[in-house]
Structures are given as C-alpha cells and as structure tokens.
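Excluded from the calculations below are hydrogen atoms, water molecules and symmetry mates; all remaining heavy atoms, backbone and side chain alike, are included. Numbers restart at 1 for each chain; the letters A, B, ... are given by sequence-line order, proteins then strands.
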2 protein chains.
Amino acid sequence: MTSSPAPSPEPAELPDTELLRLDHQVCFSLQAASRAFGGVYREALRDLGLTYPQYLAMMVLWEHGPLPVKTIGAQLHLDSGTLSPLLKRLESAGLVRRERSTQDERSVTVHLTDSGTELRVRALPVPRAILRATGMSVEEVLALQETLGRLTESLSRAV
Amino acid sequence: MTSSPAPSPEPAELPDTELLRLDHQVCFSLQAASRAFGGVYREALRDLGLTYPQYLAMMVLWEHGPLPVKTIGAQLHLDSGTLSPLLKRLESAGLVRRERSTQDERSVTVHLTDSGTELRVRALPVPRAILRATGMSVEEVLALQETLGRLTESLSRAV
DNA sequence: CCTCATTTGGTTGTGTGCAACTAAGTTGTG
DNA sequence: CACAACTTAGTTGCACACAACCAAATGAGG
C-alpha cells in the first residue's frame, strides 16, 4: 500500500507533531462541512418529505426521465445496497414506480409518478436557498469544486 | 456526467439552469471527497481494527487522556446517540474502559486500556499515508481547510 | 440444448449519524 | 426540605453507506 512508485513531490519538512494532526483535520473539516450541508438540506427538504439522497435520486429522474436502477446508481455513485431501500421508500411515498423491464427482466426501470413529477415545482427554489446558505461567491464555489474533484480523484487512485 | 464538461470560470451572470445544478454539486463533490477519504481510511485502519470515527475517538483519548463522554462528543461534534454504541464497541475490543465518575455519577469517564495505549504506536504512520494519498501540498491543504471552515460556519448559521 | 461467466437487483449485517425520548443524578429556588 | 429545571448517558427508531453474498436472467461457446 505505502510502496507506491508515484514520483510525486514528498510533502515538506514539517515536524511530525504538526503533520500528525493536520491531515486528520482535513477529513474532519470535510465531514463537518458535509454534516452542515446535511442540516441545511434537511431543513430545506422537510416540506417535501425528502432526505438529501432521496432528493438527489429525484433530481436524476427529473432531469433524465425513466432510468434503470443501475444508471441511477452510476450517476449518484451508489450501489444497490443503498439504492434499493431508498427507491422503495420513494415508491412507498408514491413518488416513483418501479417496473421490471420486459426487454431485459433483470433490469428495473424507475418511473416518476404524477405526484413525483409535480414535486419538482416545489423543489425548484431549494438549490438557490442552499447556495445562499453557503455564503460563498460563484467563483469560490467553482474553485472549491475543482479542488474537491482533484482530491477525490487522488484519493480514489490511492485505494 | 451531464452536459457540463469543465468548470470554466464564467465571469458573472450565470443562467438559472446553470446555477441550479451548481450548488447541488458542491454538496455532492463534498460527499464524494468524504466517501473517498472513507475508503482510504478504511484501508489504512484495517490492520488496527478501527473505523474512522473510532480512530477519531482514539485520537482524542491519545491526546487528552481520560475524558468524559460529553467532552469527547464536543470534540468530535457527535452526540451520545452516536458515541454510546461506538464507545461500547471500543470497550468490547478492549481498547477503552468506561467508569462512572464517583464525583458526578451522571458522568462516565472513558479511559484507555494498556491495549488501547499501545495501539497508538501502530496508528502513528497513518496520518502521513493519508496526507500522501491526498496528493495535495501542505499549502493547499491549509487553504482547503480554511475554505471548508468558512463554509461550515456559514451553513451552521443558516440553519 | 447445456454450461458457465456476466449482469442486474436484491438481501443481510455492520457501523455510523441524527432526532426523540427515557432515566438518573445534580443544582437552584422558594 | 421540597420541587422544578438542568445535565449527562443511554436507548430506540429511522435512514444512509458499504461489503458480502444470493438469485434470476442473459449471452457466448461448445
């Protein structure tokens, strides 16, 4: 694991004590921000009766229309272990309908119900409220996304 | 993913459609990075038999010594609903010991066992491995932390 | 037609994370 | 002292996330 042949520049001559608490705080800061987002979304989505992951799934369906579970998972980076119960809850809530494909009976296509389609209107103001809550400029948001993208890429390669 | 190929720094007025998917991707990028960290930590901590949150709790104890559950929760921003089962698992693993205080019998002080204290040595190389996996310079890490701190602050105020 | 690897969802088990509630102990006030 | 308010852990219920495994359907070769 640690014997990577990557010739990346070794990061610096910092005292161990400093370094040792530094990185753990990166992930910690990340999770703190993630949790804070969770709270804001929870508030914003309460009226819609959606959790944040459910909202993401609905976003995908609103944007692309009926999709197989597999594709939704690919978009959200979620596997069936997470998606199956999530989609069942959306189905219980009457927002989606799951239909096994007649072409390929392994595949289940997820459709929006009328109720699910109508929910989109009520969800439209949510993104802007979230953006306002971040208190960040568009430029900062883009820069942050770029940094996070690079970070995720690097971390994924490291596993 | 979708139709937006690259975060080209468009100067000012973004159309609503662009703005509307922007913020959801901030949180999304954040969670992706968080998940990627999770994978790297899972790998790095496998030998120690710790999950990342358990590792954080051990870090607090290694640094500060015996602490009441309340204080650990304050450090990690976790409540008893999360910490109680987590600490019980650490106790089952023989790494900590929970003792109800004689001064204030509401309080439970968490002590490291000898086994828990010894584990620190094996955990020492972990942070450096994580930092290397990020592929980021120390300066970038610090800048990212600053941005995330501001973001979390702003989001917390918004709730 | 038969076999076998692959694809696709699903299920189970473990471990957070959070909200709501309970229980026990402590403290402030009349 | 009596009693209400507060503090601290714990418990329960819900909803992810992920790993490991399972079952049905598909498709390629023989």
| A:L56 CG to D:dA17 P, straight-line distance once rounded to whole Å | 9 Å
| query | When the nearest nucleotide of DNA chain C is assigned to A:P85 and to B:H77 on a heavy-atom basis, which residue is associated with the more 5' position? | reply | A:P85
| Are OP1 or OP2 of C:dC18 and a side-chain N or O of A:R42 less than 4.0 angstrom apart? | no
| remark: Here the distance between atom C1' of D:dT26 and atom CD of A:Q103, to the nearest Å, is 13 Å
| said: With a 4.0 Å limit, can you tell me whether A:T51 has a side-chain N or O closer than that to the phosphate oxygens OP1/OP2 of D:dC16? | reply: yes
| A:T134 vs A:V40 side-chain heavy atoms within contact, under 4.5 Å | no
| Short side-chain N/O contact to D:dC16 OP1/OP2 from A:Q54, under 4.0 Å | yes
| Would one find a side-chain N or O of B:S107 under 4.0 angstrom from OP1 or OP2 of C:dG25? | no
| query | Going by modelled atom types, is there a donor-acceptor pair between the base of C:dT7 and the side chain of A:R106 at under 3.5 Å? | reply | yes
| Expressed in angstrom and rounded to an integer, what is the separation of A:L45 atom CG from C:dC18 atom P? | 16 Å
| request: Name the nucleic acid region contacted by B:R89, choosing base, sugar-phosphate or nothing; use a 4.0 angstrom heavy-atom cut-off, strictly under. | output: base
| Which part of the nucleic acid, if any, lies within reach of B:T82 when heavy atoms closer than 4.0 Å are counted: base, sugar-phosphate only, or nothing? | base
| field | Gap between atoms CZ and P, on A:F28 and C:dT16 respectively (whole Å) | value | 15 Å
| remark: Of C:dG10, C:dT16, D:dA9, the nucleotide closest to the side chain of B:V108 is D:dA9
| Reported CZ-to-CG distance for the pair B:R97 and B:D114, which is rounded to 0.5 angstrom | 8.5 Å
| task | Using the closest heavy atom to pick a nucleotide of DNA chain D for each, name whichever of A:L78 or B:D104 lands nearer the 5' end. | result | B:D104
| Taking CZ from A:R98 and C1' from C:dG9, how many angstroms apart are they, rounded to a whole number? | 9 Å
| field | Rounded interatomic separation in angstrom, taking NZ from A:K88 and C1' from C:dG10 | value | 8 Å
| request: Please confirm whether the backbone N or O of B:L119 pairs with a side-chain atom of B:W62, one donor and one acceptor, at under 3.5 Å? | output: no
| Polar pair under 3.5 Å, donor/acceptor by atom type, side chain B:S80, base D:dG10 | yes
| Between atom CG in A:D79 and atom C1' in C:dT7, what is the gap in whole Å? | 15 Å
| message | Categorize B:L86 for me: base, sugar-phosphate, or nothing, with a 4.0 angstrom heavy-atom threshold over every strand shown. | response | sugar-phosphate
| field | Nearest listed nucleotide, side chain of A:P53, among D:dA25, D:dC18, D:dC16 | value | D:dC16
| said: Is the phosphate of D:dC16 approached by A:R35 (side-chain N or O, under 4.0 Å from OP1 or OP2)? | reply: no
| query | Whole Å only: how far is the CG atom of B:L83 from the P atom of D:dT11? | reply | 13 Å
| query | Does A:S154 use its side chain to pair, donor to acceptor, with the backbone of B:A133 at less than 3.5 Å? | reply | yes
| Sidechain N-carboxylate O distance under 4.0 Å for A:R100, A:E105 | no
| query | Which part of the nucleic acid, if any, lies within contact of A:P68, taking any heavy atom under 4.0 Å across all strands shown: a base, the sugar-phosphate backbone alone, or nothing? | reply | sugar-phosphate
| message | For A:R42 and A:T51: C-alpha separation, side-chain torsions, deciding distance, then whether side chain to side chain contact (heavy atoms under 4.5 Å, CB included) applies. | response | CA-CA 6 Å; A:R42 207 178 352 264; A:T51 65; over 6 Å; no
| said: Side chain of B:R100, heavy atoms from C-beta onward: which of D:dG10, C:dG9, D:dT8 has the nearest atom to it? | reply: D:dG10
